[in-house]
Amino acid sequence: MEKEENKQRLIEELGVHFEAEYNLPPLAARIFGNLVVTEEVGLTFDDCLTKRGASKSSISTSLNLLLQLGMITYFTKSGDRRRYFKISDKSTFFIKKLEQALKKAAKESKIIQTVAEYDQKYNPEKYASNKPRIEAYLECLSQNEKTYQDTIEALKKLL
C-alpha cells in the first residue's frame, strides 16, 4: 500500500505543477501525471477512466486537450482496437522545455534593453539610477541563455 500511496501523492504533486506550468485544467494535469509515473508502456482510455474516476466526457476532453497540445501521443497494438496514450517523445521533452525557457529569456532581455534605451534617451536620471540593476539582470539572463543553449546541445547529442 505504501507504494500506491506515494504514487498518488506524486501524481497530485505533478498535477499541481502541471496546472501551473502548462496552465492545464486539473483533470488533464492529473492524467498527464499518471502518464509520467505509470510503469505501463501506455494507458488506455479505460485505464485513465479507472485511475481518475471522472466521467467519460471529462476524460475524453482532457485526453484530446493533451493530444492537441502535443504533450501526449497514442499508439495501437496489433489485434487490439484500443488506443494507448503515452507522453510525447520523452527524448525531446526536456529539449522543448529548455527551448521555451531560452525564448522566454531572450524576449525578456530584449524588452529590458528596449526600456533601458527609452529611459536613456527620455529619462536619463531614471536610466542612470537603474543602470547597475539592469546590467546585473541582463547578465543573469545572458548566463541563463548560455546555460540553456549548452544543455540543449548536450541533450541533442544524447538522442
Stepwise, does the side chain to side chain contact (heavy atoms under 4.5 Å, CB included) test hold for Asp47 with Glu40? CA-CA 10 Å; Asp47 293 335; Glu40 306 296 324; 5.8 Å; no
Please evaluate residues Leu69 and Leu24 with respect to the criterion side chain to side chain contact (heavy atoms under 4.5 Å, CB included), reporting the C-alpha separation (whole Å), side-chain torsions for both, the decisive distance (0.1 Å), and the verdict. CA-CA 10 Å; Leu69 293 173; Leu24 290 175; 3.5 Å; yes
Stepwise, does the side chain to side chain donor-acceptor pair (under 3.5 Å) test hold for Glu12 with Gln8? CA-CA 6 Å; Glu12 182 60 25; Gln8 291 310 313; over 6 Å; no
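Closest approach of Ser62 and Ile31 over heavy atoms only: CB-CD1, 3.6 Å. Shown here for Gly15 and Ala29, the closest heavy-atom pair between the two residues is O-CB, 3.3 Å. Looking at every heavy atom in both residues, Thr76 comes nearest to Asp80 through CB-O, 4.3 Å. For Cys48 against Ile59, the heavy-atom pair with the smallest separation is O-CD1, 3.8 Å. Of all heavy-atom pairs spanning Leu65 and Ala28, the tightest one is CD2-CB, 4.2 Å.
Between the side chain of Ser129 and the main chain of Lys126, a donor-acceptor pair closer than 3.5 Å is present. Judged by distance alone, with hydrogens and angles left aside, the side-chain atoms of Ser88 form a donor-acceptor pair with the main-chain N or O of Gly70 at under 3.5 Å.
Looking at heavy atoms from C-beta onward, Lys77 lies in side-chain contact with Tyr84 at the 4.5 angstrom threshold. Taking the side chain as every heavy atom from C-beta outward, Ile152 and Phe94 never approach each other to under 4.5 Å. Counting only heavy atoms from C-beta outward, the side chains of Leu67 and Phe85 approach each other to under 4.5 Å. Between Ile11 and Lys7, some side-chain heavy-atom pair lies under the 4.5 Å cut-off. At a threshold of 4.5 Å between non-hydrogen side-chain atoms, the residues Val16 and Arg30 count as touching. Two residues are said to be in side-chain contact when any heavy atoms from C-beta on lie closer than 4.5 Å; Leu102 and Gln149 meet this criterion. For the pair Arg52 and Asn34, the minimum side-chain heavy-atom distance is below 4.5 Å.
Across Leu66, Leu14, Leu63, a single residue satisfies side-chain contact (heavy atoms from CB on, under 4.5 Å) together with Phe32, and that is Leu66.
Of the charged side-chain nitrogens involved, none lies within less than 4.0 Å of a carboxylate oxygen, so that Lys104 and Glu99 do not count as a salt-bridged pair. Between Glu39 and Lys3, at least one side-chain nitrogen of the basic residue sits less than 4.0 Å from a carboxylate oxygen of the acidic one, meeting the salt-bridge criterion.
Of the inter-residue distances, the one linking Lys51 atom NZ with Leu35 atom CG reads 9.5 Å to the nearest 0.5 angstrom. Atom-to-atom distance recorded for Leu155:CG and Phe93:CZ is 12.0 Å, nearest 0.5 angstrom. The CG atom of Asp119 sits 11.0 Å away from atom OG1 of Thr114, with the distance rounded to the nearest 0.5 Å.
Residue Met71 is not grouped with residue Phe75 when hydrophobic side chains (ILVMFWY) are merged at heavy-atom distances under 4.5 angstrom, including chains of intermediate members. One hydrophobic cluster holds both Leu158 and Ile95 under the rule that ILVMFWY side chains link at heavy-atom gaps under 4.5 Å.
Within a 6.0 Å radius of OH in Tyr22, other residues, nucleotides and ligands contribute more than 12 heavy atoms. Environment of OH in Tyr122: sparse, with no more than 12 heavy atoms of neighbouring residues, nucleotides or ligands closer than 6.0 Å. Within a 6.0 Å sphere centred on NZ of Lys56, other residues, nucleotides and ligands contribute 12 heavy atoms or fewer.
Cation-pi geometry between Lys86 and Tyr74 is not satisfied (NZ or CZ under 6.0 Å from the ring centre, within 45° of the ring normal).
Sorted by first and then second residue, the pairs that involve residues 130-148 and meet side-chain hydrogen bond (donor to acceptor under 3.5 Å, both in side chains), not counting sequence neighbours, are Glu108-Tyr137, Asn130-Arg133, Glu139-Gln143, Lys146-Asp150.
A side-chain N or O of Ser58 and one of Ser55 form a donor-acceptor pair less than 3.5 Å apart. Between the side chains of Glu117 and Gln113, no donor-acceptor pair is found at a separation under 3.5 Å.
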